[in-house]
Amino acid sequence: MSHQTEAPSNFIHKIIEADIASGKHGGRVATRFPPEPNGYLHIGHAKSICLNFGLAVDFNGRCNLRFDDTNPHKENIEYVEAIQQDVRWLGFDWDDRLYYASDYFEQLYLYAVELINKGRAYVCDLDAEQVRDYRGTLTEPGRNSPYRERSVAENLELFARMRAGEFPDGAKVLRAKIDMASPNMNLRDPALYRIRHGVIHHQTGEAWCIYPLYDYTHPISDALEGITHSICTLEFEDHRPLYDWVLDHITIDCHPQQIEFSRLNLEHTVVSKRKLTQLVDDGHVEGWDDPRMPTLAGLRRRGYTPAAIRTFCERIGVSRADSLVEMALLENCIREDLNDIAPRRMAVLKPLKVVIENLAEGQVEELEVPNHPQQPALGTRRVPLSRVIYIDQDDFREEASKKFKRLVAGGEVRLRFAYVIRCDQVIKDAQGNVIELRCSYDPATLGADPAGRKVKGVIHWVSAAHAVPLEVRLYDRLFTHKTPDNAGGRDYRELLNPESLRTLTQAVGERSLAQARAGDRFQFEREGYFCLDGVLAAKDRQVFNRIVTLRDSWAKIEEQGG
RNA sequence: UGGGGUGUCGCCAAGCGGUAAGGCACUGGAUUUUGAUUCCAGCAUACCUAGGUUCGAAUCCUAGCACCCCAGCCA
């Protein structure tokens, strides 16, 4: 069963098609994914990764992986490694085209000298606060810096001395000379270089004490790599004139086209790096790879497949409109993928002991059961049935309406893949809690309907004698609010869902689950899809993360007061 | 009250002057030893609003309205 979507058509796709038709870049297509190594990749990055790498695939082009590492204060080698792992895991490859903006520091410096020589950049002595003051506001023009008219010679000397480390942090900055009255704030003589002493850059070490800024670095890095289409998010739209300005004023033979699209917002999650970092640092989650995190590391550990995430990125589309995507779409993608590929197993999350009294003590029946209802290729396995089994507490009620198709006192239900049983006796503790059921099975019902009766319900079960102890972690949305980022002034941390993780320690799984290995995904019949955790695995039990529940129309009926 | 954007079904999203794709969600129904899957059917006389042009407009024009982004030596 394939769920291939036809070539996604979005406005960027069309721009590229038109460019190829007109021979704009000689028919070449080159994109890049340019993360800053200051945090882990999240689902929003996945959209950009799929877009950039996907475009390269669609048009037989190339997509580079480039670390935008111009701010050593925030960046870290741990992130550059994690990011590569995540991109690869998502299913994309950059061959030998792994670049760092810092690879270009020397060229960037030379281009800055060129700008100075052309009178288009100058060294400014204003401090940060003064610069802000001179910049003006959204509605008022800024004022020229008193250092704006320094001679080329003086600027050249000062810039060289900046590089030589003669000035302390913040003492000077190299600025583009554009227009302090521009209605576009980005054009009011933006800073090109700042001074940063005492930081060890993960790539260049202590070679530099001046670092170029994004707006200056990005267009040049793109051009040096021969990028044809530089795709970024909407908030950079106002920066495009500056992107073009830089390339128009230096001697370089490539001018990529910047194209912006709107970033992904997902309901019930935050994707700002600052907030994700805070969740980790403040211990609200167990780490960047906590299965509740929208990070690729978190989704991976949760059990999401790369294919599901790619499908999701295709389905959300690419446009310029602000959007907030429902979690249901992501869930649909993983269900769809796992439904096809995940072997089925039986596991009882909240066990209720059932004794089948007409089954002899010590008697074990090995049942051969399919691993998948629609895919014989996934094979079969043997599941043992014996006198004492567990069923789920939710599958029994002393009495219920006819809508309830499971087991009731005195009623019958089928044990999945096995026999029909009848509940003969309900045993309770002193508090009146049901603690055990006494049942009898009908030997004539294996693979056959009982004579003269209809048994609609089918429930899953696990043989007690063969049960594998399970710890099952049930995840729910991390935030109760749809937009924790913007919840009427409430801090997103107040909106954390206290029930985002429920850990069941009494769960049991069928015998074959003992063989499961970290990362294995199963459908626990009637419960959902689960993945064996790779971090918490313990000796005495198997730890499973719930990836997603099954669709549950019964839950809907119940909600509606059924 | 500067500049740049965006407004099509509950959520995404096609459409680019010829009479509203698709997906998710939802609602019926069929099959089912997972209340799963699968299948079949339904789901915008309507495209932010108001005018206008046109035989014909979501698509063109005009005027509004709403929302998003920009005043880091962050990216």
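Nearest to the side-chain atoms of A:Arg196 among the listed nucleotides B:C73, B:A36, B:A25 stands B:C73. With B:A75, B:A14, B:G3 as the choices, the nucleotide that has an atom nearest any side-chain atom of A:Pro183 turns out to be B:G3. Set against B:U33, B:U37, B:A75, the side chain of A:Arg551 has B:U37 as its closest nucleotide. Proximity note for A:Tyr214 (side chain, C-beta onward) versus B:G4, B:U33, B:A75: the nearest is B:A75. Picking from B:A14, B:G10, B:A75 the nucleotide with the shortest atom distance to the side chain of A:Glu326 gives B:G10. Side-chain proximity of A:Lys14 to the nucleotides B:G15, B:A14, B:A75 is greatest for B:G15. Of the candidate nucleotides B:U34, B:G7, B:C69, B:U34 has the atom nearest to the side chain of A:Arg416. Which of B:A13, B:U6, B:G23 sits closest to the side chain of A:Arg315 comes down to B:G23. The side chain of A:Ala191 approaches B:C73 more closely than any other nucleotide in the set B:C73, B:C74, B:G35.
Between the CG atom of A:Leu264 and the P atom of B:A13 there is a distance of 10 Å, rounded to whole Å. Atom CG in A:Asp395 sits about 13 Å away from atom P in B:U34, given to the nearest Å. One can place CZ of A:Phe417 at 16 Å from P of B:U32, the figure rounded to the nearest angstrom. Rounding to whole angstrom units, CG of residue A:Asn486 and P of B:C69 are separated by 8 Å. In this structure, A:Arg66 atom CZ and B:A75 atom P are separated by 13 Å, rounded to whole Å. The distance from atom CG of A:Asn184 to atom C1' of B:C69 is 11 Å, rounded to the nearest whole Å. Rounded to an integer number of Å, the gap from CG of A:Leu242 to P of B:G4 is 16 Å. Atom C1' of nucleotide B:C70 and atom CZ of A:Arg188 are separated by 10 Å, given to the nearest angstrom.
Base pairing of B:G42: its partner is B:C26, meeting the Watson-Crick or G-U wobble criterion (both donor-acceptor distances under 3.5 Å). Across all strands shown, B:U62 forms a Watson-Crick or G-U wobble pair, both distances under 3.5 Å, with B:A50. Nucleotide B:G17: unpaired (no Watson-Crick or G-U wobble partner with both distances less than 3.5 Å). Pair check for B:U33 finds none; no Watson-Crick or G-U wobble contact set falls under 3.5 Å.
Regarding contacts with the backbone of B:G3, every side-chain N or O of A:Ser182 stays at 4.0 angstrom or more from both OP1 and OP2. Residue A:Arg132 places at least one side-chain N or O closer than 4.0 Å to OP1 or OP2 of B:G72. Between A:Arg135 and B:A71, a side-chain N or O to OP1/OP2 separation shorter than 4.0 Å is absent. Of the side-chain N and O atoms in A:Arg194, one or more sit less than 4.0 angstrom from OP1 or OP2 of B:C74. Neither OP1 nor OP2 of B:C74 sits under 4.0 Å from any side-chain N or O of A:Lys273. Regarding contacts with the backbone of B:A25, every side-chain N or O of A:Lys556 stays at 4.0 angstrom or more from both OP1 and OP2. Phosphate contact (OP1/OP2 of B:A36, side-chain N/O of A:Ser553, threshold under 4.0 Å): present. Side-chain nitrogen and oxygen atoms of A:Thr139 include none within less than 4.0 Å of the OP1 or OP2 phosphate oxygen of B:U1.
In this structure, A:Trp554 forms an aromatic stack with the base of B:G35, since both conditions hold: centre separation below 5.5 Å and plane angle below 30°.
RNA chain B is contacted by both A:Gly317 and A:Leu446; A:Gly317 maps to the nucleotide lying nearer its 5′ end (nearest heavy atom per residue). Where A:His239 and A:Pro373 each meet RNA chain B at their nearest nucleotide, the meeting point lying more 5' is that of A:Pro373.
Counting non-hydrogen atoms under 4.0 angstrom, A:Phe312 reaches nothing in the nucleic acid. Among the protein residues, A:Asp238 comes within range of the nucleic acid bases, having at least one heavy atom under 4.0 Å from a base atom. Within the 4.0 angstrom heavy-atom criterion, base atoms lie near A:Leu126.
In this model, no side-chain donor or acceptor of A:Glu140 finds a partner on the base of B:G2 within 3.5 Å. At a cut-off of 3.5 angstrom, counting only N and O atoms as typed in the model, there is a donor on one side and an acceptor on the other between the side-chain of A:Gln523 and the base of B:U34. No hydrogens or angles were tested; on distance alone, a donor-acceptor pair under 3.5 Å links the side chain of A:Arg344 to the base of B:U34. A donor and an acceptor atom never sit less than 3.5 Å apart when one is taken from the side chain of A:Asp552 and the other from the base of B:G35. Remark: the A:Arg406 side chain and the B:G35 base include a donor-acceptor N/O pair separated by less than 3.5 Å. Side-chain N/O atoms of A:Arg526 and base N/O atoms of B:U34 include no donor-acceptor pair closer than 3.5 Å.
Checked against the 6.0 Å centroid threshold, A:Tyr214 and A:Phe236 count as a close aromatic pair. In this structure, A:Phe524 has its ring center closer than 6.0 angstrom to the ring center of A:Phe544. A centroid separation of 6.0 Å or more is found between the aromatic rings of A:Tyr193 and A:Tyr211.
Both tests do not hold together for A:Arg175 against A:Tyr122: distance to the six-membered ring centre under 6.0 Å, angle to the ring axis within 45°.
Remark: A:Lys350 engages A:Asp394 in a salt bridge, criterion side-chain N to carboxylate O under 4.0 Å. Classification of A:Glu525 and A:Arg344 as a salt-bridged pair fails, no side-chain N sitting under 4.0 Å from a carboxylate O.
Checking A:Gln523, A:Arg335, A:Arg546 one by one against A:Tyr529, the side-chain hydrogen bond (donor to acceptor under 3.5 Å, both in side chains) holds for a single residue, A:Gln523.
Ring geometry for A:His45 versus A:Phe33: interplanar angle over 60°, hence perpendicular rather than tilted (30 to 60°).
With a glycosidic angle no further than 90° from 0, B:G72 counts as syn.
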For the pair A:His218 and A:Ser230, evaluate side-chain contact (heavy atoms from CB on, under 4.5 Å) and give the outcome as yes or no after the intermediate values.
CA-CA 9 Å; A:His218 209 83; A:Ser230 179; 4.1 Å; yes
